[in-house]
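Report on one structure; see the data block that follows.
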Amino acid sequence: MLDPKLLRTDIDTVITSLARRNFSFPRDEYLQLEETRKTVQIRAEELRQERNSRSKGIGNAKAAGEDIQPLLAQVESLGDELEAANAELNEVQAKLNNLLLGLPNLLDKSVPDGADESANVAIRHWGDIPAFDFSPLDHVDLANNLGLLDMNGAAKITGARFSVLKGGLARLQRALIQFMLDMHTQEHGYQEIYAPYIVNEESLLGTGQLPKFADDLFALKGEQGFALIPTAEVPLTNLVRDEIIASEDMPLHFVAHTPCFRSEAGSHGKDTRGLIRQHQFEKVELVQIVAANASSEAHEALTAHAENILQTLELPYRVVTLCSGDTGFGAAKTYDLEVWLPAQNTFREISSCSNFHDFQSRRMKARWRNPDTGKPELVHTLNGSGVAAGRALVAVLENGQQADGSIRIPAALQPYMGGLTQLQSK
RNA sequence: GGAGAAGUGGCUGAGUGGUCGAAAGCGCUCCCCUGCUAAGGGAGUAUGGGUCAAAAGCCCAUCGAGGGUUCGAAUCCCUCCUUCUCCGCCA
């Protein structure tokens with residue numbers, strides 16, 4: 001959520017910034033709601049003040065043993081007026097709030113202009129694109145040839161966009177997850193978290209999945225408003241919702257492995273083959289909660305932590321700064337890590353690292369106490385995949401394939417595979 | 001799932017209709033005092049919002065959440081959530 005005060009005092013800055021996203025700010029609607037809010041709120045508060053002071057007067061009169069009947073008569077109509085004013089205020093505030101919750105974040109100044117992903121800017125590459133002296137297969141063929149993937153089984157037990165991994169492939173994914181968690185906890189200073197895979201509406205509102213992106217979620221039946229998490233970002237970041245964090249506890253660095261559940265509404269026909277786009281996938285997620293003045297630096301560090309995973313896995317990748325039109329709803333700035341997939345002959349997103357500034361924390365009321373001022377201040381939140389395990393699995397398969405169809409296991413994973421150096425058919 | 005108890009400020013905890021944003025203690029901050037330490041004395045110490053260019057000031061809200069009763073609710077009523085105890089079931 002944007003700062004309502006900024007909207008009131010400098011609406012043009014907001015309009016200009018959001019225009020970079022191709023988002024047109026409903027100026028007239030906002031100005032009208034805001035003006036109504038102001039007059040109605042002032043009136044409601046005045047009425048309440050009037051009621052409070054009269055009630056106090058009645059109390060005093062009663063204590064003094066006076067007749068309070070005339071006083072009661074005076075306040076008779078006040079209650080109705082106040083009730084009406086309150087109803088009006090609630091209504092306008094709900095509308096205003098709705099509008100506010102639907103506004104995307106302001107972009108960081110350093111985000112490049114551009115309409116869509118074609119304008120994203122690759123800022124660095126790592127690793128050599130592997131040269132094969134045979135034509136590389138995609139991960140589906142590779143895994144099928146090894147007898148380790150059963151898409152039909154998944155389709156039977158659930159449906160499209162689910163997968164069944166077997167034997168060495170299932171173990172390899174588990175190895176990837178273990179490896180990533182160990183690296184982030186032991187070398188990058190994150191605290192490992194195990195958290196619920198089901199969250200409530202407040203949490204989804206806090207991180208920005210709701211109200212706008214309800215269609216992307218798997219909602220659970222029942223009246224609690226529960227949904228399966230689309231990413232561990234939701235439970236991890238909401239850990240600080242409604243908290244004032246003590247300065248000695250700052251910054252917070254969380255890492256968790258969770259499955260992620262996405263309905264993939266609107267992506268029919270996209271990446272239908274294989275494990276690239278699934279309704280359920282495994283991911284290791286990094287979340288940082290930092291002071292406002294530390295978030296840019298934290299963003300670079302967090303991205304480097306995700307990069308370190310790919311480097312240690314010997315997977316070639318590039319880092320891309322998302323342009324203004326491609327940056328997600330709540331993010332102020334995003335770096336995508338794109339890993340090389342030989343079969344597709346292209347780079348594909350394997351991690352997305354974003355700085356949300358105070359967008360999520362304002363929704364969540366997540367603050368920390370700044371020792372310099374003694375006052376609570378909104379934190380900045382960041383998150384990034386560190387990295388998506390399903391896609392990492394794809395990348396390891398495709399980049400590690402050999403002429404005989406076996407898969408070379410990166411050295412960093414071998415300890416997690418009982419010393420196995422390659423996957424091969426028996 | 002059944003029965004019961006409880007949710008108050010950073011913490012402990014008092015408060016059953018008005019003078020309660022809330023006693024007291026602890027903690028914390030500042031000041032004073034004692035040659036150091038320990039102890040002691042004094043003052044301060046919630047969050048959000050509105051008004052304002054801003055600050056001060058003033059005002060409004062908040063005692064788990066949401067409704068209700070009342071001129072007036074931390075206090076009475078209803079619903080929900082959470083925690084604890086006992087019983088049942090269970091990985």
Side-chain angles (χ1 to χ4, degrees), chain A residues 1-14 30-31 33-101 194-206 220 222-227 235 238-250 358 360-379:
Chain A
M1 195 154 83
L2 303 182
D3 185 357
K5 282 188 185 133
L6 178 67
L7 240 24
R8 278 180 219 135
T9 55
D10 194 4
I11 190 171
D12 290 328
T13 298
V14 174
Y30 167 77
L31 288 176
L33 281 173
E34 174 55 22
E35 195 189 314
T36 309
R37 188 228 99 227
K38 188 167 166 176
T39 52
V40 173
Q41 181 166 351
I42 289 173
R43 192 167 84 245
E45 287 188 1
E46 278 171 356
L47 284 167
R48 213 170 297 141
Q49 186 185 352
E50 177 74 14
R51 184 207 64 189
N52 288 350
S53 72
R54 292 202 181 227
S55 290
K56 200 172 267 186
I58 292 173
N60 289 338
K62 207 174 171 187
E66 297 165 16
D67 180 16
I68 60 171
Q69 276 312 318
L71 293 173
L72 285 179
Q74 282 174 20
V75 275
E76 212 166 44
S77 61
L78 245 181
D80 292 344
E81 276 180 70
L82 180 59
E83 200 176 327
N86 272 337
E88 205 180 335
L89 180 61
N90 287 339
E91 194 185 337
V92 72
Q93 262 173 346
K95 281 184 188 164
L96 202 52
N97 206 246
N98 208 40
L99 190 152
L100 253 37
L101 285 173
Y194 172 80
Y197 301 160
I198 293 174
V199 290
N200 59 32
E201 282 177 350
E202 289 74 28
S203 294
L204 292 160
L205 211 65
L220 268 42
E223 278 150 41
Q224 308 108 127
F226 286 165
N238 275 282
L239 237 25
V240 297
R241 172 155 55 86
D242 293 320
E243 298 289 335
I244 299 175
I245 305 162
S247 63
E248 56 266 31
D249 293 332
M250 290 282 284
D358 59 12
Q360 293 180 323
S361 61
R362 184 170 289 105
R363 289 171 167 241
M364 292 193 300
K365 297 181 188 65
R367 294 157 296 169
W368 74 296
R369 198 172 292 278
N370 185 338
D372 295 337
T373 61
K375 292 291 169 198
E377 292 176 7
L378 291 172
V379 298

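Just so we're on the same page: letters track the sequence lines, and every chain starts at 1.
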On a heavy-atom basis, which atom in A/Ile68 and which in A/Ile58 lie closest, and how many Å separate them? CG2-O, 3.9 Å
Taking atom C1' in both B/rA14 and B/rA65, what distance in whole Å separates the two? 24 Å
Integer angstrom distance from the P of B/rG17 to that of B/rU12: 26 Å
Once each nucleotide of nucleotides 49-64 of chain B is scored for protein heavy atoms under 4.0 Å, what B/S/- sequence comes out, 5' to 3'? BSSS------BSS---
Please measure how far the C1' atom in B/rA43 lies from the corresponding atom in B/rG48, and state the result in whole Å. 27 Å
For A/Lys365 and B/rA65, what is the distance between atoms NZ and P respectively, to the nearest whole Å? 12 Å
Grab the CH2-C1' distance between A/Trp368 and B/rU47 for me, whole Å please. 18 Å
Given the C1' atoms of B/rC26 and B/rU45, what is the spacing between them in whole Å? 13 Å
Could you report the tightest heavy-atom contact between A/Glu50 and A/Leu78, atom names first, then the distance? CG-CD1, 3.7 Å
Is any side-chain heavy atom of A/Glu46 less than 4.5 Å from a side-chain heavy atom of A/Ile42? yes
Which residue lies more 5' along RNA chain B, comparing A/Asn90 with A/Ile58 via nearest heavy atoms: A/Asn90
Would you call A/Glu91-A/Lys95 a salt bridge at under 4.0 Å N-O? yes
What I want to check is whether the side chains of A/Ser203 and A/Asn200 have a donor and an acceptor closer together than 3.5 Å. yes
Counting distance only, does the side-chain N/O of A/Ser361 pair as donor-acceptor with the main-chain N or O of A/Leu378 below 3.5 Å? no
Can you tell me how far C1' in B/rG21 sits from the matching atom in B/rC77, rounded to whole Å? 24 Å
Protein-nucleotide distance (A/Arg367, atom CZ; B/rA46, atom C1'), rounded to Å: 10 Å
For A/Glu83, is the CD atom crowded, meaning more than 12 foreign heavy atoms sit under 6.0 Å from it? no
Quick one: stems for RNA chain B, with Watson-Crick or G-U pairs under 3.5 Å, at least three in a row? B:1-7 with B:81-87, B:10-12 with B:24-26, B:27-32 with B:40-45, B:46-51 with B:57-62, B:64-68 with B:76-80
For A/Glu248 and B/rG10, give me the distance from atom CD to atom C1', rounded to whole Å. 11 Å
Please report, rounded to the nearest Å, how far the P atom of B/rG9 is from the CD1 atom of A/Ile244. 12 Å
I want to confirm an ordering. Mapping A/Gly374 and A/Ala63 to their closest nucleotides on RNA chain B, which one lands closer to the 5' end? A/Ala63
For a quick test of reading the model, state the closest non-hydrogen atom pair linking A/Gly225 to A/Glu201 and the distance between them. O-CG, 3.3 Å
Are the side chain of A/Arg363 and the backbone of A/Leu205 linked by a donor-acceptor contact shorter than 3.5 Å? yes
Any base atoms under 4.0 Å from A/Arg369, or only sugar-phosphate, or nothing? Heavy atoms, all strands. sugar-phosphate
Measure CZ/A/Arg241 against P/B/rA65 and give the value in whole Å, please. 14 Å
Taking the same atom, P, in B/rU8 and in B/rA61, what whole-Å distance lies between them? 22 Å
Rounded to whole angstrom, note down the C1' distance from B/rC76 over to B/rU70. 10 Å
Nearest whole angstrom, please: distance from the P of B/rU47 to the CD of A/Glu377. 12 Å
Quick one: do A/Glu45 and A/Arg48 make a salt bridge, cutoff under 4.0 Å? no
Could you check whether A/Arg43 gets within reach of a base, just the sugar-phosphate, or nothing at all, counting any heavy atom under 4.0 Å? nothing
In whole angstroms, the gap separating P of B/rG18 from NZ of A/Lys56 amounts to 13 Å
In whole angstrom, give me the gap between the C1' atoms of B/rG42 and B/rC33. 11 Å
